[in-house]
Asker: 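Sharing a structure here in structure tokens format.
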Amino acid sequence: MPQLKVLITGVAGFIGSNLADRLVKLSGCKVIGIDNLAYGVREQVPEGVEFHKLDIRSKEIYPLFEKVDYVFHLAAKNCISDCQADPVETADINVTGTVNVFEAARKAGVKKVIYAESSAIYEDSSVIPTPESEIKPVSFYAASKAATMYFANSFEHFSDLRFTALRYFCVYGPRQDYRRTIPPVMSAFIIKLLKGEQPFIYGSGDKKRDFVYVDDVNDFHLLCMNEGITDGRVFNLGSGKNYSVNEIYTMIAGLLDSGLTPVHKSDLPGEAQQTLADITNASRIGWRPKTEITAGLKNMVSFIKSEFQKGNIK
Ligand SMILES: NC(=O)c1ccc[n+]([C@@H]2O[C@H](COP(=O)([O-])OP(=O)(O)OC[C@H]3O[C@@H](n4cnc5c(N)ncnc54)[C@H](O)[C@@H]3O)[C@@H](O)[C@H]2O)c1
């Protein structure tokens with residue numbers, strides 16, 4: 001008999017499928033997954049997960065929350081350029097869909113919802129490293145994530161449902177989405193170099209990002225299930241170190257022993273010059289990002305190589 005029932009929305013996506021992998025290996029843990037496969041991939045959902053192809057905006061999700069202990073709400077429309085192109089759908093999925101998940105959890109008497117906000121919420125802040133208090137969203141994506149925070153606060157106020165909000169910085173690792181119009185830099189670089197093509201860098205490549213490895217993020221997910229100290233709180237999840245796009249390029253080209261040089265394209269509008277997480281709050285409860293960038297990149301490279309071999313990337 002399972003002692004613990006966990007539901008993950010966005011289970012076919014990058015972070016959701018990695019979390020499901022980790023949870024199905026815990027003894028006595030039953031994992032239910034929801035995803036409408038808008039961006040996610042069915043084959044990424046690990047064996048052992050009870051998978052439901054459903055939209056988080058649908059009332060059909062409600063029965064799945066019965067007797068669930070913890071919900072990880074990760075489903076979202078999250079490609080910033082797609083969100084800029086369609087603010088109405090962004091609000092519909094990221095705000096209305098999220099409120100539907102919160103309400104399903106409240107009605108079913110779920111113990112706690114752990115949900116994804118984003119470091120994008122700090123877009124207009126110049127405080128580096130950035131603490132959780134610097135809420136200054138600009139883009140539609142960031143605004144939608146900020147709106148969910150206010151809804152979580154209201155649910156917390158008017159019900160027994162508990163929440164932990166997670167502000168991920170740039171999460172990387174195997175299964176990072178590479179199918180987007182503008183994929184995240186690491187997967188984009190690795191795929192192009194493996195194909196023997198010159199990767200693109202938008203702008204000078206001097207922009208710095210705080211990259212955090214997905215296994216380290218999963219360590220924090222488990223803490224949220226076990227530690228009441230995370231209840232009613234928000235945490236930055238970054239590594240507390242940042243690297244420029246050019247530095248990342250050099251590391252990946254080195255790992256692949258490639259002499260190809262990148263092609264510089266015009267800068268993408270509205271992107272911050274640097275992101276860097278202040279991880280004091282997460283560190284105080286015992287979390288430490290352990291994965292060094294080169295080790296994390298090596299894992300990503302071998303994952304993407306195996307995707308090529310399986311014919312999943314052409
Ligand atoms: N990856 C990062 O670096 C990062 C950074 C900040 C915040 N986040 C947040 O973390 C969460 C997970 O991100 P990810 O990188 O795994 O993204 P992802 O796109 O790989 O996964 C999101 C999943 O949600 C699903 N989804 C989208 N709309 C849906 C809907 N209406 N109903 C059901 N499923 C739907 C998609 O099909 C996809 O599988 C998201 O909320 C994202 O905004 C991620």
Side-chain angles (χ1 to χ4, degrees), residues 7-21 32-45 49 51-61 64 71-83 86 89-101 104 113-123 130 137 139-149 152 165-187 209-214 216-218 220-221 234-239 272 275 277 296 300:
L7 185 147
I8 304 172
T9 72
V11 73
F14 163 45
I15 300 175
S17 61
N18 276 287
L19 171 62
D21 243 355
I32 299 169
I34 296 176
D35 203 298
N36 70 350
L37 304 181
Y39 292 88
V41 181
R42 176 66 182 92
E43 291 67 36
Q44 283 187 169
V45 181
V49 173
F51 178 70
H52 298 265
K53 183 173 182 276
L54 284 174
D55 195 297
I56 52 163
R57 292 165 288 182
S58 158
K59 294 280 183 260
E60 284 178 59
I61 64 171
L64 303 177
V71 170
F72 285 90
H73 172 48
L74 304 173
K77 184 176 176 75
N78 62 20
C79 176
I80 292 194
S81 55
D82 289 355
C83 291
D86 196 341
E89 195 187 53
T90 302
D92 198 29
I93 297 172
N94 293 1
V95 186
T96 309
T98 293
V99 175
N100 198 43
V101 169
V113 177
I114 298 120
Y115 73 99
E117 289 183 15
S118 168
S119 62
I121 222 161
Y122 307 130
E123 270 165 347
T130 315
S139 66
F140 297 131
Y141 168 69
S144 73
K145 291 288 183 182
T148 62
M149 171 186 72
L166 303 179
R167 299 213 181 117
Y168 305 122
F169 279 65
C170 292
V171 186
Y172 74 102
R175 304 197 190 124
Q176 185 185 62
D177 188 3
Y178 51 79
R179 296 169 184 85
R180 299 181 192 175
T181 330
I182 301 173
V185 281
M186 290 173 170
S187 50
R209 292 288 174 267
D210 182 325
F211 295 97
V212 59
Y213 194 65
V214 69
D216 292 329
V217 167
N218 273 334
F220 198 85
H221 289 146
V234 52
F235 295 92
N236 280 343
L237 292 186
S239 62
T275 65
M300 254 185 108

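By convention here, the first residue in the shown sequence is residue 1. Computed over heavy atoms, backbone and side chain alike; hydrogens, waters and symmetry mates excluded. As the structure lists them, so they are numbered: ligands from 1, and atoms in each ligand from 1.
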Asker: Would you check whether Glu117 reaches within less than 4.0 Å of ligand 1, judged by its heavy atoms?
Answerer: yes
Asker: Give me the nearest non-hydrogen protein atom to atom 12 (C) of ligand 1 as residue plus atom name, then the distance to 0.1 Å.
Answerer: Leu74 O, 3.4 Å
Asker: Taking heavy atoms and a distance under 4.0 Å, where does Val41 meet ligand 1: side chain, backbone, both or neither?
Answerer: neither
Asker: May I ask you to identify the nearest protein heavy atom to atom 25 (C) of ligand 1, giving residue, atom name and distance to one decimal place in Å?
Answerer: Asp35 OD1, 3.4 Å
Asker: Looking at ligand 1, is there an atom of it that comes within less than 4.0 Å of some heavy atom belonging to Tyr141?
Answerer: yes
Asker: Find all atoms of ligand 1 within a distance of less than 4.0 Å from any non-hydrogen atom belonging to Gly40, and give their numbers and elements.
Answerer: 36 (C), 37 (O), 38 (C), 39 (O)
Asker: Within ligand 1, which atoms have a heavy atom of Ala116 less than 4.0 Å away?
Answerer: 9 (C), 10 (O), 11 (C), 41 (O)
Asker: Are the charged groups of Glu117 and Lys145 less than 4.0 angstrom apart, N to O?
Answerer: no
Asker: How close does the nearest protein non-hydrogen atom get to atom 1 (N) of ligand 1, and which residue and atom is it?
Answerer: Ile15 CD1, 3.8 Å
Asker: Consider only side-chain N and O atoms of Ser17 and Arg175, and report whether a donor and an acceptor are under 3.5 Å apart.
Answerer: yes
Asker: Should you measure from each heavy atom of Ile93, which atoms of ligand 1 turn up under 4.0 Å away?
Answerer: 28 (N), 31 (N)
Asker: Taking only non-hydrogen atoms of Gln176, do any sit less than 4.0 angstrom from ligand 1?
Answerer: no
Asker: When you measure from atom 31 (N) of ligand 1 to every protein heavy atom, which one gives the shortest distance, and what is it?
Answerer: Asp55 OD1, 3.1 Å
Asker: Assess the side chains of Asp210 and Thr275: does a donor N or O sit below 3.5 Å from an acceptor N or O?
Answerer: no
Asker: Closer than 4.0 Å to some heavy atom of Asn78 - which atoms of ligand 1 meet that?
Answerer: 13 (O), 14 (P), 17 (O), 18 (P), 19 (O), 40 (C), 42 (C), 43 (O)
Asker: For Ala277, is there any backbone N or O sitting under 3.5 Å from a side-chain donor or acceptor partner on Asn236?
Answerer: no
Asker: Is it true that Phe72 and Tyr115 have ring centroids separated by less than 6.0 Å?
Answerer: no
Asker: Could you tell me whether Glu60 atom CD has more than 12 heavy atoms of other residues or ligands within 6.0 Å of it?
Answerer: no
Asker: Check each heavy atom of Phe169 against ligand 1 and say whether those closer than 4.0 Å belong to the side chain, the backbone, both or neither.
Answerer: backbone
Asker: Using a 4.0 Å cut-off to any heavy atom of Ala38, which atoms of ligand 1 qualify?
Answerer: 37 (O)
Asker: Which residue and non-hydrogen atom of the protein lie closest to atom 29 (C) of ligand 1, and at what distance in Å?
Answerer: Asn36 OD1, 3.3 Å
Asker: With atoms numbered from 1 as shown, which atoms in ligand 1 lie under 4.0 angstrom from a non-hydrogen atom of Leu37?
Answerer: 37 (O)
Asker: Aromatic contact between Tyr213 and Tyr172, with the criterion being ring centroids under 6.0 Å apart: yes or no?
Answerer: yes
Asker: What's the shortest distance from atom 24 (O) of ligand 1 to any protein heavy atom, and which residue and atom give it?
Answerer: Ala75 CA, 3.3 Å
Asker: Would you kindly specify which portion of Cys170 sits under 4.0 Å from ligand 1, judged on non-hydrogen atoms: side chain, backbone, both or neither?
Answerer: backbone
Asker: Tell me which part of Leu54 gets within contact of ligand 1: side chain, backbone, both or neither, using heavy atoms under 4.0 Å.
Answerer: backbone
Asker: Quick one: does Ile34 get within less than 4.0 Å of ligand 1, heavy atoms only?
Answerer: no
Asker: Can Phe235 and Phe220 be said to form a ring pair (Phe, Tyr, Trp, His ring centres under 6.0 Å), step by step?
Answerer: CA-CA 10 Å; Phe235 295 92; Phe220 198 85; 5.0 Å; yes
Asker: Looking only at heavy atoms, is any part of Ile56 under 4.0 Å from ligand 1, and if so is it the side chain, the backbone, or both, or is it neither?
Answerer: both
Asker: Please state which protein non-hydrogen atom is closest to atom 3 (O) of ligand 1 and give its distance, to 0.1 Å?
Answerer: Val171 N, 2.9 Å
Asker: Under a 4.0 Å threshold between the charged nitrogen and the carboxylate oxygen, would Arg57 count as salt-bridged to Asp92?
Answerer: yes
Asker: Say whether Gly97 and ligand 1 are in contact under the criterion: heavy-atom distance to a ligand atom below 4.0 Å.
Answerer: no
